[in-house]
Amino acid sequence: MEFGLQSSQKIGFSPWWSNAISLVDSLSTRVVEFFRKVKKTGEDDPRRIGHSFKVGLALTMVSVFYYVTPLFDGFGVSTMWAVLTVVVVMEYTVGGTLSKGLNRAFATLLAGALGVAAHQIAIHCGEKGEPILLGLFVFALAAAATFSRFIPEIKARYDYGVTIFILTFSLVAVSSYRVDELVQLAHQRLSTIAIGVATCLCTSTFVFPIWAGEDLHKLVAGNLEKLASFLEGLSAECFAEKGGIENLEGKTFLQAYKSVLNSKPTEDSLANFARWEPCHGRFWFRHPWKQYLKIGALSRQCASSMDALAAYIITTSTKSKTNTDPDLQLRIRAACKEMAAESANTLKELSTAIRTITVPSAAGRHASAAVAAIGKWRDSLSDDIALPEVLHVATTASLLADLVLRVQKIAGSVEELARLAHFKRPEPPVHDAKIKPIADEDSQSHLSITLEK
């Protein structure tokens, strides 16, 4: 009986103990996975750690106004508005912080002034007419300001400011009916908000600054490099002498352009913030940020053409194709290889020119060579050839020729950026010269000059 009792106890406790162990293992696994994600987030962009430090520093600085008694006596409970301002205004980039900070400051100033003016007008209408007139003011300005948010230009740059305007005016106008010292209250809140905005701007600009303009500049250049990687892989894997389109589905170069297709929201956001930023580094006031958006749009069009070409190549690689004249196939593959290689060189030159802010002098030569390769491809099809025999290679070459034309448009847009932004001219190559005298018995003495790169 005792043996049976002990066995039943063991059987009863065993499931509970195993469940506890599995629960602990699951929690430990999740904790380890969480810290791995935290580590990866910091390693992907170390600037995120600096931004987190800046937010903590800004909040600590404005908290001093609440902890120090003389400062608190000057602003009162409104000091908390400085803390709230830092929380909502502080953004990752300098341009984002400037955009929100200036929008909040000017919207608060304008709305506070209009709220006080509305109160001064409403008090002349008597005790019964004052709330009615204040309600009409709130209705009219809130409705007009809300409608203005649908205007694209205001939506893009001043949407946050309009929201703060509606909030501040409504608070000042409504509270004016019950608050006696309205002007003093408005002054305290405006002062504390200005302190919060100034703290954010100084911290964001002078402590580990992150410039939206530089991020946009690098993003556009990086997208061109990704497009070039696709064309380089196409030239090496598909159109090489020993290459082919079989078994290409898992190749990494076929995925190089994918991220470019979804880059529009990031580019629009960075361009909007970059317009707010002051001169910094190589970017001066009124830098042509809109031109970057044009280059980005053309890059996405080019990536769309690449998507169509990659889909066609992957689809046809799994199907049987008709036998093509080997000589004709060799000529078309050579033309396609030249188109892809020269277009890739064009995009790489353009990317390098943007990164170094220099005029893309060599890109035009590569683009012209790619266009000339289109002529070679068309000449190879000028003979009397059966259409089914060349349908596959002709379709591939046609899609590639469309890519070449799109790359040429990108080159023109980058050249326009170089003109508007006053890119510097690349320095001519310097050659080392060796001069040595030569004297022969049958001729007069002379000099030999040898140029070395």
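Heads up: numbering here begins at 1 and tracks the sequence.
- The shortest non-hydrogen separation linking Ile410 to Cys302 is CD1-CB, 4.0 Å.
- Here the straight-line distance linking atom CG of Leu270 with atom OH of Tyr292 works out to 12.0 Å at 0.5 Å rounding.
- Atom NZ of Lys348 has 12 or fewer neighbouring heavy atoms from other residues, nucleotides or ligands inside a 6.0 Å radius.
- The aromatic ring centroids of Phe283 and Trp289 lie less than 6.0 Å from each other.
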- Where do Ile357 and His217 land on the side chain to side chain contact (heavy atoms under 4.5 Å, CB included) test, with the steps shown first? CA-CA 10 Å; Ile357 312 186; His217 188 81; 4.0 Å; yes

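- Glu225 CD to Glu232 CD: the interatomic distance, rounded to the nearest 0.5 Å, is 10.0 Å.
- Residues Ser170 and Ile166 have side chains in contact (heavy-atom distance under 4.5 Å, counting atoms from C-beta outward).
- Rounded to the nearest 0.5 angstrom, Ile354 CD1 and Leu219 CG are separated by 10.5 Å.
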- Message: Would Ile193 and Arg104 count as a side chain to side chain contact (heavy atoms under 4.5 Å, CB included) here? Give the steps.
- Response: CA-CA 8 Å; Ile193 288 175; Arg104 186 177 182 86; 4.0 Å; yes

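- Ring geometry, Phe169 versus Phe165: the interplanar angle falls under 30°, so the pair is classed parallel (tilted spans 30 to 60°).
- Although no hydrogens or angles enter the test, the distance criterion places a donor-acceptor pair under 3.5 Å between the side chain of Ser175 and the main chain of Leu171.
- Ser398 places no side-chain N or O within donor-acceptor distance of the main-chain N or O of Thr395, the cut-off being under 3.5 Å.
- The closest side-chain heavy-atom distance from Ser235 to Lys337 is below 4.5 Å.
- The minimum heavy-atom distance between Ala256 and Phe230, with the atom names listed, is CB-N, 4.2 Å.
- For the residue pair Asn223 and Ser299, no side-chain donor N or O sits within less than 3.5 Å of a side-chain acceptor on the partner.
- Side-chain atoms of Gln291 come within 3.5 Å of backbone N or O of Ser413 as a donor-acceptor pair.
- A distance of 11.0 Å separates CG in Leu102 from SG in Cys200, rounded to the nearest 0.5 Å.
- For the side-chain contact (heavy atoms from CB on, under 4.5 Å) with Thr85, the qualifying choice from Val197, Ile195, Thr199 is Val197, the only one to do so.
- Using a 4.5 Å heavy-atom threshold, the side chains of Val94 and Trp276 count as separate.
- A salt bridge is defined here as a Lys NZ or Arg NE, NH1 or NH2 lying under 4.0 Å from an Asp or Glu carboxylate O, and Glu267 with Lys294 fails to meet this definition.
- Formation of a donor-acceptor pair under 3.5 Å by the Glu277 side chain with backbone atoms of Gly95 is found in this model.
- For the residue pair Leu400 and Cys336, the shortest heavy atom distance occurs at CD2-O, 3.3 Å.
- In this structure, Phe150 and Lys155 have side chains that are not in contact, with every pair of non-hydrogen atoms separated by 4.5 Å or more.
- Residues Ile374 and Ala401 approach most closely at CD1-O, 3.9 Å, considering heavy atoms.
- Note: Ser148 OG to Tyr158 OH = 12.0 Å, rounded to the nearest 0.5 Å.
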- Item | Step-by-step side chain to side chain contact (heavy atoms under 4.5 Å, CB included) determination, Leu114 to Leu110 | CA-CA 6 Å; Leu114 290 177; Leu110 180 60; 4.2 Å; yes

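- Of all non-hydrogen atoms in Thr97 and Leu201, the two that sit nearest each other are O-CD2, 3.9 Å.
- Distance alone, capped at 3.5 Å, places no donor-acceptor pair between the Thr168 side chain and the Ala111 backbone.
- Nearest heavy atoms, Leu293 versus Arg300: O-NH2, 4.5 Å.
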- Task: Please assess Arg30 against Ser26 for the test side chain to side chain contact (heavy atoms under 4.5 Å, CB included), listing each intermediate value before the final yes or no.
- Result: CA-CA 6 Å; Arg30 291 185 179 182; Ser26 176; 3.9 Å; yes

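- The backbone N or O of Asp25 lies less than 3.5 Å from a partner atom in the side chain of Ser28, making a donor-acceptor pair.
- Remark: Tyr92 OH is packed, more than 12 non-hydrogen atoms of other residues, nucleotides or ligands lying under 6.0 Å away.
- Counting only heavy atoms from C-beta outward, the side chains of Phe34 and Thr29 never approach each other to under 4.5 Å.
- For the pair Ile164 and Asn103, the minimum side-chain heavy-atom distance is 4.5 Å or more.
- In terms of modelled atom types and a separation under 3.5 Å, the side chain of Arg48 and the main chain of Thr41 share a donor-acceptor contact.
- For the residue pair Glu91/Ser204, the side-chain donor-acceptor check at 3.5 Å is not satisfied.
- Both tests do not hold together for Lys226 against Tyr257: distance to the six-membered ring centre under 6.0 Å, angle to the ring axis within 45°.
- We find that Arg36 and Glu43 are not joined by a salt bridge, their nearest charged nitrogen and carboxylate oxygen being 4.0 Å or further apart.
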- Between Glu416 and Arg419, does a salt bridge (Lys or Arg N to Asp or Glu O under 4.0 Å) hold up when you go through it step by step? CA-CA 5 Å; Glu416 179 67 13; Arg419 185 186 66 83; 2.5 Å; yes

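- For the pair Met90/Thr203, a side-chain contact is recorded, criterion being any heavy-atom separation below 4.5 Å from C-beta on.
- Side-chain atoms of His366 do not come within 3.5 Å of backbone N or O of Gly364 as any donor-acceptor pair.
- Remark: Ser229 OG to Gln255 CD distance equals 13.0 Å, nearest 0.5 Å.
- Between His280 and Glu214, the closest side-chain pair of non-hydrogen atoms falls below 4.5 Å.
- When atom types are taken as modelled, the side chain of Asn272 and the backbone of Ala156 share a donor-acceptor pair closer than 3.5 angstrom.
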- Dump the intermediate steps for salt bridge (Lys or Arg N to Asp or Glu O under 4.0 Å) on Arg47 and Asp215, then the final yes or no. CA-CA 12 Å; Arg47 299 180 303 174; Asp215 285 356; 3.0 Å; yes

